[in-house]
Protein chains: 2
Amino acid sequence: MAAKLPHALYPLIRKLESVTRLSDEERQAIESLPVRVRTLPAKQDIVRDGDRATQCCVILEGWAYRYKFLAEGRRQIFSFHIAGDIPDLQSMHIPLMDHTLGTMTQAIVAFIPHENLHDITARFPAIAAALWRDTLIDAALFREWLISMGRRPAFEHLAHLFCELYLKQEAVGLAGDHRCPLPITQIDLADATGMTSVHINRVLKEMRGRGLITLHRQTLVVKAWDELVRASEFDATYLHLQKRTAG
Amino acid sequence: MAAKLPHALYPLIRKLESVTRLSDEERQAIESLPVRVRTLPAKQDIVRDGDRATQCCVILEGWAYRYKFLAEGRRQIFSFHIAGDIPDLQSMHIPLMDHTLGTMTQAIVAFIPHENLHDITARFPAIAAALWRDTLIDAALFREWLISMGRRPAFEHLAHLFCELYLKQEAVGLAGDHRCPLPITQIDLADATGMTSVHINRVLKEMRGRGLITLHRQTLVVKAWDELVRASEFDATYLHLQKRTAG
DNA sequence: CGGACGCTTGAAGAGTATCAAGCCAGGTGG
DNA sequence: CCACCTGGCTTGATACTCTTCAAGCGTCCG
């Protein structure tokens with residue numbers, strides 16, 4: 001008996017199943033979605049602000065982010081995405097992009113035409129619900145980022161972001177032992193938190209100094225998880241993870 | 001022939017129809033949803049952070065907002081809501097509330113059990129799509145607020161918010177002629193923008209001084225719309241309004 | 001080996017917060 | 001009907017967080 005290779009969309013199925021129970025029929029329906037898999041280089045836009053999207057994109061490997069440019073080169077990053085995410089799922093119902101989705105690292109992505117997504121959600125309400133829920137969790141993260149921007153000082157804000165990024169990866173098996181990949185430059189961190197890279201650098205220095213984390217060669221090591229959580233008043237509820245992590 | 005009274009959920013139907021075309025059958029399905037209509041006083045919570053919701057709430061009249069408290073009385077407001085909005089629609093798929101929904105003014109609201117919403121969305125994919133789309137626009141506003149928080153200075157930020165609040169009301173016929181209700185205190189504006197009420201006050205003073213707006217007795221009058229738009233780099237795309245306003 | 005990119009640090013300045021006080025209008029009770 | 005009280009608005013003085021500008025360093029890669 002030959003071992004069965006995992007399906008290309010396995011990261012997506014793994015993510016959905018961490019949140020909903022899928023019947024065999026539903027899983028098969030997802031697996032028979034027509035996908036076009038591509039490997040993209042780092043720092044390449046996938047869909048741009050102003051584009052009219054006709055397909056969605058599943059991240060299979062690597063990192064992506066969503067952002068928007070303003071005048072004078074100002075940029076705001078909205079979210080970071082890892083394997084299993086569909087960062088532009090919203091384009092299914094709002095095809096006109098109001099921001100850009102791009103890769104951060106080299107990435108493998110699968111494209112699925114909107115047409116087929118509309119079809120599968122019409123036939124399987126449970127899949128529609130799972131995807132809808134995914135976009136709602138997306139929004140919950142935006143709200144938490146709003147809190148960080150509006151009401152948390154720089155140190156708390158950054159600490160909070162690190163807690164979030166670690167737990168998101170841990171929840172899908174991409175991290176553990178309080179260490180995880182973090183292919184994010186200080187400039188990216190600045191554009192995600194609304195600060196300058198200079199200030200990010202100084203805050204990171206203090207975090208290191210206080211023995212909370214190290215961040216080196218695109219790897220985050222949390223050396224004092226409890227303290228990081230306390231310092232940022234982190235409460236994972238908003239992530240709405242099903243299998244709650246031990247922390 | 002007696003004139004037919006508008007249905008209680010008319011504000012909701014009006015909003016959905018500004019975005020999707022509803023068949024007679026679909027409109028009837030909405031009209032036959034079991035609703036419990038209540039008049040609530042100002043500043044009353046409707047669902048609280050931590051609650052497990054079993055119903056959603058349609059604003060029929062008045063204003064509501066969503067917010068969350070942090071330690072030391074810090075508060076972040078996420079959104080303002082007017083007639084036709086379903087501010088807690090996300091509780092359909094994420095019943096555990098991670099923030100609070102409350103009234104700002106006295107308000108008339110209609111409650112609809114999740115059960116019936118799940119039923120109607122399963123039977124009418126077009127209604128499901130319209131509601132899903134609504135939650136996605138919600139998220140688009142969060143993203144725009146993130147930009148304002150992260151990358152716009154106070155003056156631009158506040159100007160941008162005023163453009164948004166005016167257009168949202170204009171789109172459903174609650175405002176026109178560059179004037180609209182705005183029952184928001186300076187403290188609320190502060191908690192929505194991540195500033196202090198003192199600073200809000202000073203920015204408002206400058207806006208008045210530059211002849212852009214007046215804000216008095218809960219009424220916003222935009223005296224120089226084009227300039228307000230220019231000052232805040234406002235681009236209405238993210239509101240995804242169907243009938244585009246003249247501006 | 002050179003260049004680009006990302007990280008690091010210092011000095012000075014801007015924007016916003018904090019603290020404190022006073023004002024005004026509307027609503028309530030005597 | 002007036003006195004009072006409260007919530008919201010306004011203003012000044014001072015403090016601080018974070019930005020800006022500038023320069024230098026390390027490392028990876030062509």
Side-chain angles (χ1 to χ4, degrees), chain A residues 41-44 63 65 70 72-77 103-106 148-159 161 181-209 213-220 231-232, chain B residues 41-44 63 65 70-77 103-106 148-161 181-209 213-220 231-232:
Chain A
K43 302 198 184 195
Q44 178 156 95
W63 284 59
Y65 58 2
L70 277 72
E72 294 147 46
R74 286 176 294 174
R75 182 177 67 147
Q76 179 64 48
I77 293 174
T103 62
M104 298 171 67
T105 65
Q106 189 183 81
S148 285
M149 292 271 219
R151 290 295 182 231
R152 287 197 248 261
F155 190 95
E156 279 183 40
H157 186 168
L158 198 54
L161 179 60
L182 206 77
I184 309 182
T185 67
Q186 293 185 2
I187 291 176
D188 291 337
L189 287 174
D191 285 341
T193 55
M195 307 176 205
T196 60
S197 62
V198 172
H199 200 226
I200 288 285
N201 185 283
R202 289 179 173 133
V203 173
L204 284 175
K205 185 179 175 183
E206 191 188 344
M207 284 191 180
R208 253 183 277 123
I213 63 151
T214 64
L215 177 51
H216 195 55
R217 306 183 119 278
Q218 314 207 324
T219 301
L220 171 71
S232 59
Chain B
K43 301 195 184 199
Q44 179 157 94
W63 284 60
Y65 58 2
L70 278 72
E72 295 146 46
R74 285 176 295 174
R75 182 178 67 145
Q76 179 64 47
I77 293 175
T103 62
M104 299 171 67
T105 64
Q106 190 184 79
S148 285
M149 292 270 220
R151 291 293 181 232
R152 287 197 249 261
F155 190 95
E156 280 182 39
H157 186 169
L158 199 54
H160 198 277
L161 179 60
L182 206 77
I184 310 180
T185 67
Q186 294 185 3
I187 291 176
D188 291 336
L189 286 173
D191 285 342
T193 55
M195 309 177 202
T196 60
S197 63
V198 173
H199 200 226
I200 288 284
N201 186 283
R202 289 180 172 134
V203 173
L204 284 175
K205 185 180 175 182
E206 192 188 343
M207 283 190 180
R208 252 183 277 121
I213 63 151
T214 65
L215 177 50
H216 195 55
R217 307 182 118 275
Q218 315 206 325
T219 302
L220 171 71
S232 59

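Each chain gets a letter, A, B and so on, in the order the sequences are listed, and its residues count up from 1.
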- Message: Students often get this wrong, so: under 4.0 angstrom with heavy atoms, is B:Thr185 touching a base, only sugar-phosphate, or nothing?
- Response: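 Touches sugar-phosphate only.
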
- Task: May I ask you to decide whether B:Lys43 forms a salt bridge with B:Asp188, counting only side-chain N to carboxylate O separations under 4.0 Å?
- Result: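 Answer for the salt bridge query: no.
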
- Message: Using a strict threshold of under 4.0 Å (side-chain N to carboxylate O), is an ion pair present between B:Asp191 and B:Arg74?
- Response: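 Salt bridge absent between B:Arg74 and B:Asp191.
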
Below 4.0 angstrom from OP1 or OP2 of [N], is there any side-chain N or O of [X]?
{"X": "A:Arg152", "N": "D:dT17", "result": "no"}
{"X": "B:Asn201", "N": "D:dC9", "result": "no"}
{"X": "B:Lys205", "N": "D:dT11", "result": "yes"}

- Outermost DNA chain C nucleotides near chain A [under 4.0 Å, heavy atoms]: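 From 5' to 3', the first and last contacting nucleotides are C:dG6 to C:dA11.
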
- Message: I'd like to check B:Ser148 versus B:His160 (side-chain heavy atoms, cut-off strictly below 4.5 Å). Are they in contact?
- Response: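 Side chain of B:Ser148 against side chain of B:His160, heavy atoms only: contact under 4.5 Å found.
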
- Give, for atom NE2 of A:His157 and atom CZ of A:Arg151, the distance between the pair rounded to the nearest 0.5 Å.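 Separation between the atoms: 13.5 Å.
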
- Message: Just verifying a value: how many Å separate A:Leu161 CG and A:Ile184 CD1, rounded to the nearest 0.5 Å?
- Response: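 A:Leu161 CG to A:Ile184 CD1: 6.5 Å, rounded to 0.5 Å.
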
Without decimals, in angstroms, what is the distance between [X] [atom1] and [N] [atom2]?
{"X": "A:Glu156", "N": "D:dC18", "atom1": "CD", "atom2": "P", "answer": "10 Å"}
{"X": "A:His199", "N": "D:dT20", "atom1": "NE2", "atom2": "C1'", "answer": "13 Å"}
{"X": "B:Ile187", "N": "D:dG7", "atom1": "CD1", "atom2": "P", "answer": "10 Å"}
{"X": "B:Leu204", "N": "D:dG8", "atom1": "CG", "atom2": "C1'", "answer": "13 Å"}
{"X": "B:Ile184", "N": "D:dC9", "atom1": "CD1", "atom2": "P", "answer": "11 Å"}
{"X": "A:Arg202", "N": "D:dT20", "atom1": "CZ", "atom2": "P", "answer": "12 Å"}

- Task: Can you check each nucleotide of nucleotides 22-30 of chain D against protein heavy atoms at under 4.0 Å and return B for base, S for sugar-phosphate only, - for none, in 5' to 3' order?
- Result: ------S--

- Message: Test your reading of the model: is there a side-chain donor-acceptor pair from A:Arg208 to the backbone of A:Thr214, 3.5 Å cut-off?
- Response: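 No; judged by distance alone, with no hydrogens or angles, the pair does not exist.
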
- Message: So does A:Trp63 get a backbone contact from the side chain of A:Thr105, meaning a donor-acceptor N/O pair under 3.5 Å?
- Response: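 At least one qualifying donor-acceptor pair exists.
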
- Query: When the nearest nucleotide of DNA chain C is assigned to A:Gln186 and to A:Arg151 on a heavy-atom basis, which residue is associated with the more 5' position?
  - Reply: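 Going by which nucleotide is closer to the 5' end, it is A:Gln186.
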
- If you look at every heavy atom in A:Met104 and A:Ala42, which pair is closest and at what distance?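 So the minimum-distance heavy-atom pair works out to O-CB, 3.3 Å.
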
- Message: My understanding is that only residues two or more places apart in sequence, or in another chain, count here; which of them pass side chain to side chain donor-acceptor pair (under 3.5 Å) with B:Glu206?
- Response: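 B:Arg210.
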
